[in-house]
Structure formats: structure tokens, C-alpha cells
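To start, the structure under review is shown below, and the notes come after it.
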Amino acid sequence: MAPSNQRLSMFDPIQGLEFDHLGRYQFAQRLLKRVSAPNCSSAVGLYGGWGTGKTSILNLMKKINDQDNIPDKPLMEIFDVWPYEVSGDLSLPILFQMQQWESALELSTHSMYWRRVFGVLAQAGMDIALQKFLNIRTSDLQTYADNLQELKSYVDDIRKAQDAFCELAQLVSQAHQNRRIVFLIDNLDRCSPENVVRLLESIKNFLHAPNCVWVFAMDSGVIASYIDHKYEGTRMDGNSYLDKIVPEHYHIPPISDHDISRLHRFLAMVQPSNAHGLPTVDLGKIPQIPEVLVPRRLLKTAHKFYEAYTSDLPMGSAATPDMAFALILLYNTWPVFYEHFASGKVDHVRGILENFVDNGAIPGIPLSKKFTEDQALKHYLNACFIQGQIQDTVNATLSSCMVWLRQVGLP
């Protein structure tokens with residue numbers, strides 16, 4: 001596969017099916033099928049670390065859904081939470097999208113439901129935000145507030161707003177042949193800890209509207225830690241709190257053995273145009289990656305890797321392409337461990353690896369159980385650097401590769 005011309009956007013989430021170099025299409029298709037099913041939970045989590053491709057999968061779901069000719073395909077929209085962090089409320093952009101979908105309806109017929117939902121928000125001091133996102137003048141809302149006796153029930157009882165939103169969702173669905181409504185919520189885990197919980201709670205009152213599904217693409221560990229932080233000093237558990245709101249979740253899968261050829265094509269995106277002397281990396285020597293790679297980070301690292309090999313600048317140390325790339329994958333998959341492992345000294349490399357060699361040797365540099373009991377890490381280290389190889393030779397080669405990586409600006 002020829003190097004991609006999309007050089008300015010290669011590190012960004014993919015926007016189309018033609019850029020799905022890592023084969024996420026099938027996963028996105030399965031997730032789309034699930035959220036389209038009548039028995040799907042009202043809230044679904046798409047879980048993965050930063051940079052593992054959550055936004056790309058949401059984009060793929062949207063593209064597949066837009067191209068699908070099935071008459072009952074869901075209404076679907078992606079919401080990037082980040083721009084709304086300052087307001088701390090997602091209700092308004094969500095209601096704006098509902099209004100867009102409802103544009104085909106006779107709005108005056110359903111003004112009662114809009115009055116209920118907007119009335120509560122207006123009384124909560126959201127006039128400026130309403131003007132910005134919904135193009136509604138405060139004076140328009142004031143007509144609803146004039147009758148305080150009527151609005152008192154809406155302000156005092158949030159359940160009225162919940163019921164109104166459910167009615168509104170039902171009307172929108174009916175106006176589109178009873179299609180399901182799917183909201184794809186992205187980048188919640190990139191917001192500040194003090195605002196994340198507010199943003200999440202701003203829409204939890206709408207989570208149980210019939211025929212609506214909410215997909216939260218996020219790093220669940222990060223969000224759980226933010227919840228723990230907000231409710232510090234209480235018995236609140238972040239993971240339990242999150243599981244209550246998002247009862248069904250799916251994790252981005254790692255790259256499997258049969259996806260190695262896809263990895264070749266993916267890395268071709270960052271091969272320099274002057275590819276003379278480019279090393280051939282035998283990915284067959286690399287075992288299945290047991291953890292989820294971070295594609296954005298991998299592309300950046302591979303880009304520097306290829307540039308270093310095609311550079312005319314002399315290096316003070318040698319590095320075999322296969323070993324260097326195995327270390328790059330190690331960095332991209334277990335960066336915290338890599339920091340312990342990284343050194344240009346043979347004795348240091350030996351001291352680290354002795355933690356994973358079953359020969360009774362006492363580790364020269366003891367590691368915490370976080371690493372020594374990580375079965376995926378043990379598998380990778382044994383398959384790449386230990387099993388069936390002369391250990392002294394491996395230590396020397398690894399040490400040399402570490403020096404080379406540092407010289408070219410890699411980790």
C-alpha cells in the first residue's frame with residue numbers, strides 16, 4: 001500500500017470508511033447493530049484509553065448508519081462534549097438536535113413539551129446559553145415564566161422535565177417512522193475533573209427516554225477516578241456509580257494475529273516519500289499484541305522510526321529493525337513499564353528481565369507486582385526478548401537498541 005497523502009490528518013480520528021486501516025469496521029458495525037436493537041440498554045459505554053480510537057469508531061458508526069439503506073435505521077448524532085465543558089450542561093445541545101430532527105413537525109402542536117423542558121432550564125439561569133445554541137430570545141421564554149403558577153410545577157419537580165423529554169423523543173421518533181434515537185457522546189474523559197460529573201449528570205435525567213440510546217465513548221477508569229474525587233470523603237465508589245448510569249459496555253479490542261497485515265498497511269501511512277533504504281520489519285516475529293495499541297501514538301513513533309532509518313546522519317549505536325520496533329510496541333502498549341526498562345546499560349536491562357525469566361535468578365532490579373504479575377506483559381517479553389534466545393546476546397542487543405532509540409529522539 002502506498003503511503004497516504006493525508007499527512008496533515010494522519011494523527012487525527014478517521015472520518016471515513018476508506019481510512020479504516022486497522023480494521024475497526026466490523027467492531028463498529030457490531031456496536032451499531034447492538035444500539036439499534038430494541039432490547040439494547042438505554043446507556044452503552046464504548047471504553048478505551050486515550051488515543052485508542054474511540055472517536056474513530058463513533059465516526060465509523062455514523063458513516064455506516066448514514067450509508068445504510070435500511071428504512072428503520074436510527075437517527076444518530078455525535079456530540080463532542082469538550083466545547084460544552086464551560087457551561088457544564090449537555091441538555092441544551094441535545095435539545096437543539098432534537099429540535100433539528102423535529103423541524104418536519106408542526107411545532108406549535110407540541111409546544112407544551114418544549115415549554116416544560118425549556119421552562120426548567122430558563123429558570124435555572126440558562127438564558128444566555130439558550131440564545132447561543134437554540135437562537136431563542138429570552139423574551140420568548142419570559143412568556144412562559146409570566147404564569148408562575150403554571151411553571152412552578154416544572155421548576156419544583158424535575159420529573160416533569162423528564163416526562164416532557166420522553167414525550168418529545170417519542171414525537172421525534174414517530175415523525176421518522178418510529179426510528180430509534182442514538183446519541184454518541186464523545187470526549188467526556190478529556191474534560192476537567194470538576195466538570196466531568198456535572199456534564200454526565202446533566203443528561204442522566206434523560207437517559208431513560210423510550211426509544212433513545214446514549215453511547216458514552218470514554219476511558220472509564222478516568223471518569224471513575226473523577227467521580228471518586230468529587231465525592232471524596234463519602235462512601236461513593238466511582239466504578240459502581242458509573243456502572244449504574246452505564247449498565248452495558250464494550251471495550252475496544254486489541255490487534256489480533258490475523259490483523260498483522262493491517263498493521264503493515266497502517267504503518268505505511270507514515271513512511272517517508274524518500275523511502276530508499278527503509279528497513280523491512282518482520283511483524284511475524286512480533287507476537288499478538290495483548291493490549292490495545294494507541295494508534296495516534298504509534299503513528300507518531302513509527303514516523304520518527306522511519307525517518308531515522310532514512311536519514312543520512314550517522315548513529316553511534318546500531319539497532320536491528322525488528323528489535324527496535326518490538327521496543328516501540330512495548331512503549332506504546334506499556335509506557336509505564338517501558339520507563340523502568342529503558343536504559344543503555346546491559347546490566348540494567350539484564351536486571352529488569354530477570355524478573356520475567358523462570359531460572360531461579362534473583363532480579364537485579366526488583367519490580368512491583370503490577371508488572372511481574374501482568375500476564376500480557378510477561379507473554380510479550382518472553383515471546384520477543386527471552387524465549388529460545390541466548391540471554392546475554394538479547395541483553396546486549398536490547399541495550400544497543402535503547403541507545404539508538406534515544407539518539408533518534410524516540411522514547
Side-chain angles (χ1 to χ4, degrees), residues 13 15-17 20 24-46 54-81 84 90-118 133-135 161-188 202-218 245-250:
Q15 298 295 328
L17 303 179
D20 178 31
R24 298 303 195 192
Y25 175 86
Q26 290 186 339
F27 179 76
Q29 192 176 44
R30 288 195 299 270
L31 189 55
L32 174 61
K33 182 178 180 180
R34 177 56 187 153
V35 300
S36 304
N39 65 341
C40 182
S41 301
S42 60
V44 175
L46 171 60
K54 299 184 296 296
T55 302
S56 294
I57 290 174
L58 295 185
N59 290 341
L60 286 175
M61 291 175 65
K62 183 75 165 56
K63 289 292 184 181
I64 296 170
N65 191 64
D66 290 345
Q67 295 181 6
D68 203 331
N69 293 322
I70 299 176
D72 58 348
K73 66 181 182 180
L75 298 170
M76 181 175 291
E77 189 58 49
I78 299 176
F79 290 95
D80 184 350
V81 175
Y84 305 107
L90 281 178
S91 305
L92 298 175
I94 288 169
L95 289 172
F96 175 63
Q97 182 59 51
M98 295 286 281
Q99 187 187 54
Q100 296 291 100
W101 283 330
E102 203 191 27
S103 60
L105 302 178
E106 179 57 49
L107 290 181
S108 60
T109 306
H110 312 297
S111 61
M112 171 179 59
Y113 305 114
W114 286 102
R115 288 173 62 188
R116 289 179 179 176
V117 179
F118 288 157
F133 295 115
L134 299 178
N135 196 27
Q162 295 172 343
D163 293 342
F165 183 83
C166 290
E167 293 283 356
L168 187 60
Q170 187 67 21
L171 289 170
V172 171
S173 177
Q174 290 174 352
H176 293 271
Q177 294 78 46
N178 293 317
R179 292 162 63 184
R180 293 173 68 76
I181 299 171
V182 178
F183 297 104
L184 306 176
I185 310 298
D186 194 20
N187 279 333
L188 189 65
S202 72
I203 58 174
K204 74 176 182 181
N205 291 320
F206 301 146
L207 290 182
H208 300 293
N211 226 22
C212 281
V213 176
W214 307 76
V215 179
F216 295 93
M218 59 187 175
I245 295 179
V246 187
E248 184 174 347
H249 27 83
Y250 298 86

> Is there a side-chain contact (heavy atoms from CB on, under 4.5 Å) between Met61 and Val182 once you walk through the steps?
Replying inline: CA-CA 11 Å; Met61 291 175 65; Val182 178; 5.6 Å; no
> Does CG belonging to Asn69 count more than 12 external heavy atoms closer than 6.0 Å?
Replying inline: no
> How long is the span from the CG atom in Leu171 to the NE2 atom in His176, to the nearest 0.5 Å?
Replying inline: 11.0 Å
>> So which atom in Pro74 and which in Arg179 form the shortest heavy-atom distance, rounded to 0.1 Å?
In response: O-NH2, 3.5 Å
>> Go through it in stages, so that I can follow the logic: the residues are Lys62 and Glu77, the test is side-chain contact (heavy atoms from CB on, under 4.5 Å), and I'd like the CA-CA distance, side-chain angles, deciding distance and then a yes or no.
In response: CA-CA 7 Å; Lys62 183 75 165 56; Glu77 189 58 49; 4.1 Å; yes
>> Rounded at 0.5 Å granularity, tell me how far CZ in Arg34 sits from OG in Ser41.
In response: 6.0 Å
> Can you name the closest pair of heavy atoms from Asp20 and Tyr25 and give their distance?
Replying inline: OD2-N, 2.8 Å
> Is a side-chain N or O of Asn211 found less than 3.5 angstrom from the main chain of Ile181, in a donor-acceptor match?
Replying inline: no
>> I need the minimum non-hydrogen distance between Ile78 and Leu58, along with the two atoms involved.
In response: CD1-O, 3.8 Å
> Just wondering, are more than 12 heavy atoms of other shown residues or ligands nearer than 6.0 Å to CD in Gln26?
Replying inline: no
> Closest approach of Ala209 and Ala169, non-hydrogen atoms and distance?
Replying inline: CB-CB, 4.3 Å
> What distance separates Ile64 CD1 from Asn59 CG, expressed to the nearest 0.5 Å?
Replying inline: 11.0 Å
> Are the side chain of Arg180 and the backbone N or O of Val35 linked by a donor-acceptor pair below 3.5 Å?
Replying inline: yes
>> Please report the interatomic distance CG(Leu46) to CZ(Phe27), rounded to the nearest 0.5 Å.
In response: 5.5 Å
> Between Trp101 and Val172, what is the shortest heavy-atom contact and its length?
Replying inline: CB-CG1, 3.6 Å
> What distance separates Phe79 CZ from Asp186 CG, expressed to the nearest 0.5 Å?
Replying inline: 12.0 Å
> For the atom pair CG (Leu188) and NZ (Lys54), what is the distance rounded to the nearest 0.5 Å?
Replying inline: 10.5 Å
>> For Asn65, is there any backbone N or O sitting under 3.5 Å from a side-chain donor or acceptor partner on Lys73?
In response: yes
> Is there a donor-acceptor contact under 3.5 Å from the side chain of Ser42 to the main chain of Val213?
Replying inline: no
